[in-house]
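This report concerns only the one structure given below.
FYI, the numbering just counts along the sequence from 1.
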Amino acid sequence: GYLRSLGAMINEIQPTRVILVFDGEGNITNKKNLYSEYKGTRKIKRITNWTGFDNLQQESESMANQMMRLIDYLKCLPVSISVIDKLEADDIIAYLAPKFNKSIIVSADQDFLQLVNDKITVYSPIKKKYYTEIDVYEEFGVWPCNFLNKKIILGDTSDNVPKVPKIGLKKLYKLFPELTEKQPITLQEIIDKSYTESDNNPWYGDIYNFKQQLYINEKLMDLKNPNIPEQEVER
C-alpha cells in the first residue's frame, strides 16, 4: 500500500527528487524533556486484521518485519531515505523543505501548514488537496505565517499539548484579529498584548497567566526552527 501510494504521488507530481523521512528510535525523547506529557495520551492500537494474529506482540513483530522489508525495497529505488535517532520525521522534513527551490510536503499533519509559502506547498493525501498560502487562509482563517500561534494557544489534543483554558477559535480571533492578517506577529507580542489588556478583559488575563506553557508549546510545535542537534545538521 505504501509503495502504491508513493508511486501514485511520483506520477502525479513528477518531482526531480524524492526524500522519504521516518521517525527515528526514541524520536520524542528531546520533546519529552521539554514537556513530559508530550504525546502522553497515545496508546498502542491494533491496526491490522485482528484475526491474523493471536496477540499484540505477534502483530508488532509482523509490522516490524514489514517495515524492514519496505526499507529494503525503497533502497532499490531512486529515492533518498532519512531517519535519525531521537528525532521526529516532522523536524527533519521542516529542516529539509526550505533547502530547495520548490518543495511539496506530502503529509496529513496540519503542523506543516505553518511552513507554506511561495516555495513550499503541502499536499494532504487524505483530503487530496494542495495547500498554498491562500488555501490555508480560506480553510483555517489564518495565514501560514500565523498558523503556529493559533496552534500554540489552542493546543493539540493528538500530541497532548495543552491549550489555554476556555479559549476557542472564535474567541481567539476576536481577541487577536491581527492573527487573521498576512503580517506575522510573534508569540511575545501576543503575550505582551495579553498583559496590557488583562485589566480590561479577563480573557487576556487567562492567556497571560498561561504564558509559561505557551513558551513550551512554541518549542514543541515550531517547525520553522526545528530542534535538530548541530552534529546532525552537519551530517
> Any donor-acceptor pair under 3.5 Å linking the side chain of S194 with the backbone of I190?
Replying inline: yes
>> Looking at T180, is its backbone amide N or carbonyl O close enough to the side chain of N146 to form a donor-acceptor pair, meaning the two atoms are under 3.5 Å apart?
In response: no
>> So that I know where these two stand, are Y204 and F176 an aromatic pair - ring centroids less than 6.0 Å apart?
In response: yes
> Does the ring of Y95 carry K99 above it, NZ/CZ under 6.0 angstrom from centre and within 45° of its axis?
Replying inline: yes
>> Looking at D135 and T132, would you say the former's side chain and the latter's main chain have a donor-acceptor pair under 3.5 Å?
In response: yes
> For the residue pair S107 and V122, what are the closest heavy atoms and their distance?
Replying inline: O-CG1, 4.0 Å
> Can you tell if the side chain of P144 reaches within under 4.5 Å of the side chain of N117, non-hydrogen atoms only?
Replying inline: no
> In this structure, are over 12 heavy atoms from other groups packed under 6.0 Å from Q14 atom CD?
Replying inline: yes
> Without hydrogens or angle criteria, can the side chains of N65 and E61 be said to hold a donor-acceptor pair below 3.5 Å?
Replying inline: no
>> Rounded to the nearest 0.5 Å, what separates atom CG in D111 from atom OG in S158?
In response: 7.5 Å
>> Could you walk me through whether D192 and Y208 satisfy the side chain to side chain contact (heavy atoms under 4.5 Å, CB included) test, starting with their C-alpha distance in whole Å, then the side-chain angles of each, then the deciding distance to 0.1 Å, before giving a yes or no?
In response: CA-CA 8 Å; D192 290 344; Y208 181 76; over 6 Å; no
>> Working to the nearest 0.5 angstrom, can you tell me the gap between K166 NZ and I207 CD1?
In response: 12.5 Å
>> Looking at every heavy atom in both K31 and L220, which two are closest together, and how far apart are they?
In response: NZ-O, 3.1 Å
>> Salt bridge check, D156 against K151: does any charged N sit closer than 4.0 Å to a carboxylate O?
In response: yes
> Is it the case that more than 12 heavy atoms not belonging to K119 sit under 6.0 Å from its NZ atom?
Replying inline: yes
> Is a side-chain N or O of Q114 found less than 3.5 angstrom from the main chain of L223, in a donor-acceptor match?
Replying inline: yes
> Distance from L3 atom CG to L77 atom CG, nearest 0.5 Å?
Replying inline: 7.0 Å
> Would you call K174 and W203 a side-chain contact if the rule is heavy atoms closer than 4.5 Å?
Replying inline: no
> Can any side-chain N or O of T157 pair as donor or acceptor with the backbone N or O of N160 at less than 3.5 Å?
Replying inline: no
>> Which heavy atom of L214 sits nearest to which heavy atom of L187, and what is that distance?
In response: O-CD2, 3.6 Å
> Do the side chains of Y35 and P162 get nearer than 4.5 Å, heavy atoms only?
Replying inline: yes
> Is there a donor-acceptor contact under 3.5 Å from the side chain of D159 to the main chain of V161?
Replying inline: no
> Can you tell me how far OH of Y173 sits from NZ of K150, rounded to the nearest 0.5 angstrom?
Replying inline: 5.0 Å
>> Which heavy atom of K224 sits nearest to which heavy atom of D222, and what is that distance?
In response: N-OD1, 2.9 Å
>> Using a 6.0 Å cut-off, check whether atom NZ of K219 has over 12 heavy atoms from anything other than its own residue.
In response: no
>> Is it the case that atom CD in E25 sees more than 12 heavy atoms from other parts of the structure closer than 6.0 Å?
In response: no
>> As a quick check of understanding, evaluate salt bridge (Lys or Arg N to Asp or Glu O under 4.0 Å) for K39 and E88, giving each step before the final call.
In response: CA-CA 12 Å; K39 292 190 176 180; E88 291 186 284; 2.5 Å; yes
> Looking at OG1 of T121 and CD of E133, how far apart are the two atoms once the value is rounded to the nearest 0.5 Å?
Replying inline: 9.0 Å
> Is there a donor-acceptor contact under 3.5 Å from the side chain of S80 to the main chain of I19?
Replying inline: no
>> Treating K193 as the side-chain partner and L175 as the backbone partner, does any N or O pair qualify as donor plus acceptor under 3.5 Å?
In response: yes
>> Donor-acceptor check, side chain of N149 to backbone of I185, threshold 3.5 angstrom: yes or no?
In response: yes
> Which pair of non-hydrogen atoms, one from V79 and one from L74, has the smallest distance, and what is that distance?
Replying inline: CG2-O, 3.6 Å
>> Evaluate I153 against F210 for side chain to side chain contact (heavy atoms under 4.5 Å, CB included), listing each step before the verdict.
In response: CA-CA 9 Å; I153 296 173; F210 205 69; over 6 Å; no
>> Atom OH of residue position Y195 - does it have more than 12 heavy atoms of other residues, nucleotides or ligands inside 6.0 Å?
In response: no
>> Do I120 and Y123 sit in one hydrophobic cluster, given that two such residues count as connected whenever their side-chain heavy atoms are within less than 4.5 Å of each other, even indirectly?
In response: no
>> Given 3.5 Å as the limit, does a donor-acceptor pair link the side chain of N209 with the main chain of G205, or not?
In response: yes
> Considering all heavy atoms of both residues, which atom of K182 and which atom of C145 are nearest to each other, and what is their separation?
Replying inline: O-SG, 3.2 Å
> Applying the 4.5 Å side-chain criterion to the ILVMFWY set and letting contacts propagate, would V83 and M67 be lumped into a single cluster?
Replying inline: yes
> What orientation do F147 and F140 show, parallel under 30°, tilted 30 to 60°, or perpendicular over 60°?
Replying inline: perpendicular
> Do F22 and I81 come within less than 4.5 Å of each other through their side chains, counting heavy atoms only?
Replying inline: yes
> Regarding Q58 and S62, is there a side-chain donor-to-acceptor distance under 3.5 Å anywhere?
Replying inline: no
> Is there a path of hydrophobic side-chain contacts, each under 4.5 Å between heavy atoms of I, L, V, M, F, W or Y residues, that connects I191 with L154?
Replying inline: yes
>> Can you tell me if K86 has over 12 outside heavy atoms packed within less than 6.0 Å of its NZ?
In response: no
>> Does Y215 form a side-chain hydrogen bond (donor to acceptor under 3.5 Å, both in side chains) with Q188? I'd like the steps, not just the answer.
In response: CA-CA 9 Å; Y215 289 133; Q188 191 59 55; 2.8 Å; yes
> Would you say the side chains of E139 and Y131 form a donor-acceptor pair under 3.5 Å?
Replying inline: yes
>> Applying a strict under-4.5 Å side-chain criterion to I, L, V, M, F, W and Y, I'd like to know whether V106 and V18 cluster together.
In response: no
> Any side-chain heavy-atom pair from L6 and M9 closer than 4.5 angstrom?
Replying inline: no
>> Any heavy-atom pair between the side chains of Y130 and I13 that's under 4.5 Å?
In response: yes
> Would you say I92 and I104 are hydrophobically clustered, going by side-chain heavy atoms of ILVMFWY under 4.5 Å?
Replying inline: no
